[in-house]
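Take a look at the structure set out below.
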Number of protein chains: 2
Amino acid sequence: MGRWEPNARGRLAQAALELYTEQGYEQTTVVEITARAGLTERTFYRHFADKREVLFFGTEMAKELLARSVAEAPADASAMDAVGAALEALGAEFQANAERVRLRNAVVSAHAELRERELIKLAGLAEAMADALRDRGTPDPAAGLAAETGIAVLKVAFARWIDDPGRPDLPGILRASTAELRNVLADRTPA
Amino acid sequence: MGRWEPNARGRLAQAALELYTEQGYEQTTVVEITARAGLTERTFYRHFADKREVLFFGTEMAKELLARSVAEAPADASAMDAVGAALEALGAEFQANAERVRLRNAVVSAHAELRERELIKLAGLAEAMADALRDRGTPDPAAGLAAETGIAVLKVAFARWIDDPGRPDLPGILRASTAELRNVLADRTPA
DNA sequence: CGGTGTGATGACAGAACCTGTCATCACTTT
DNA sequence: AAAGTGATGACAGGTTCTGTCATCACACCG
């Protein structure tokens, strides 16, 4: 449907990531982004709530993936096992797009503003998992605890995945981190 | 030492909390805050990095309290026990200033911008605990996991404390939540 | 006692972010 | 062919935040 070039949203996101990477987030103005995408500043704000949001396109998809994975876990799986399965599904997705994920992460982690936005998105993911757990019968506060703890594991595992390009198996790191956490909680800190 | 009225920083923080409470965060401009404090806009930004930061005065103190509590935990305490002790110390502090904490929380939780800032502060608290754990010999990734998980417990327990004014014992809620988490991780979801 | 810092503040300009509002225009529907 | 729709452009304007220079009380120093 288009009098105009198609996919304005995608063009804006693409232009933004390029410019943020090329010359830095703070050095890039919204006008520059829209100029590269062949649009005007006002239109940028019709597609994205603010200058940060353009980098968090995929969050909604991640949320759905986590919620669906929790919902589809075997009925006899524990809450934490359902969360673990969801995390591994998301980890596999990250790994399948490793290059883009790493590039985006480099931009985000370099700017406090963007890290803040990332954290609230992660909180949203936790909330989605908690809701899905409650739907399958997990009571409170266990649902919230399992979900928040899952995000804590995701943070730690993701950081290790980023730091160690030689170990590309993110789902494996997630599984290992969860196991490690069980040890930590069980009071047997490993050597 | 002053040609000017003393404690400009405190006056600004006080005026800001008042105005945010009276008329809302978004409806309050920095100029209004400085007018009430008898200063100019430019001076506000000499004391606080931005309009949000003025609400996060106490974070540095909380960070020190957590780090100190972890460091001072018995040498034979596990990582998670040290984290638990630190959380309870912070919880006691919150409870001792319950009114102010609740008031501030009402403002923060009503605005996404402020929740973002809160989350990055919480991440800073986790980092401080992780550092303190490493100092006392906890290896990675256990240190990061224990710290991040501790913050996850804090979030859940704090929310319960806020939601249920009839149950004022935050340290107790923290201890119970940690115990509950051990159950969740041990795969025995309670009735 | 007078000169010279020093440090916090004021004054002012200006860039960038974000919003409200109305006009435009191709395409669709009736 | 007329009316409707939806995305975009154009423009004005408020707010946040920064850079820069001036001011002024106090401290220190000779």
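Chain letters run A, B, ... following the sequence lines, proteins first, then strands; residues in each count from 1. Here the structure is a predicted model, which is why all the values come from computation and not from measurement.
Rounded to an integer number of Å, the gap from F48(A) CZ to dT19(C) P is 14 Å. Protein atom CD of Q27(B) is 11 Å distant from nucleotide atom P of dT16(D), rounded to whole Å. The distance from atom NE2 of H111(B) to atom P of dT16(D) is 13 Å, rounded to the nearest whole Å. Distance, Q23(B) CD to dT15(D) C1': 14 Å, rounded to whole Å.
Ion pairing of R36(A) with E22(A) is present here, as a side-chain N (NZ or NE/NH1/NH2) and a carboxylate O approach within less than 4.0 Å.
Applying the 3.5 Å distance criterion, the base of dG10(C) shares a donor-acceptor pair with the side chain of R46(B). Side-chain atoms of R42(A) and base atoms of dG20(C) include a donor and an acceptor less than 3.5 Å apart.
Between T43(B) and dG10(C) there is a side-chain N or O to OP1 or OP2 distance below 4.0 Å. Residue H47(A) places at least one side-chain N or O closer than 4.0 Å to OP1 or OP2 of dT8(D).
When hydrophobic clusters are built by joining Ile, Leu, Val, Met, Phe, Trp and Tyr residues whose side-chain heavy atoms come closer than 4.5 Å, directly or via intermediates, L174(B) is grouped together with I162(B).
Taking the centre and axis of the six-membered ring of F56(A), the NZ or CZ atom of R104(A) falls inside the cone set by 45° and 6.0 Å.
Two residues, A8(B) and F44(A), neighbour DNA chain C, and the one matched to the more 5' nucleotide by heavy-atom proximity is A8(B).
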Between protein and nucleic acid, restricted to nucleotides 14-17 of chain C and to nitrogen or oxygen atoms under 3.5 Å apart, what atom pairs and distances do you find?
residue	atom	partner	partner atom	Å
dC17(C)	OP1	K51(A)	NZ	3.1
dC17(C)	OP2	V30(A)	N	3.2

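Contacts classified as side-chain hydrogen bond (donor to acceptor under 3.5 Å, both in side chains) and involving residues 53-72 of chain B (residues at least two apart or in different chains) are given here: E53(B)-R117(B), E53(B)-K121(B).
Interatomic distance, E148(A) CD to E148(B) CD, rounded to the nearest 0.5 Å: 10.5 Å. Rounding to the nearest 0.5 Å gives a distance of 15.0 Å between CD1 of I151(B) and CD1 of I151(A).
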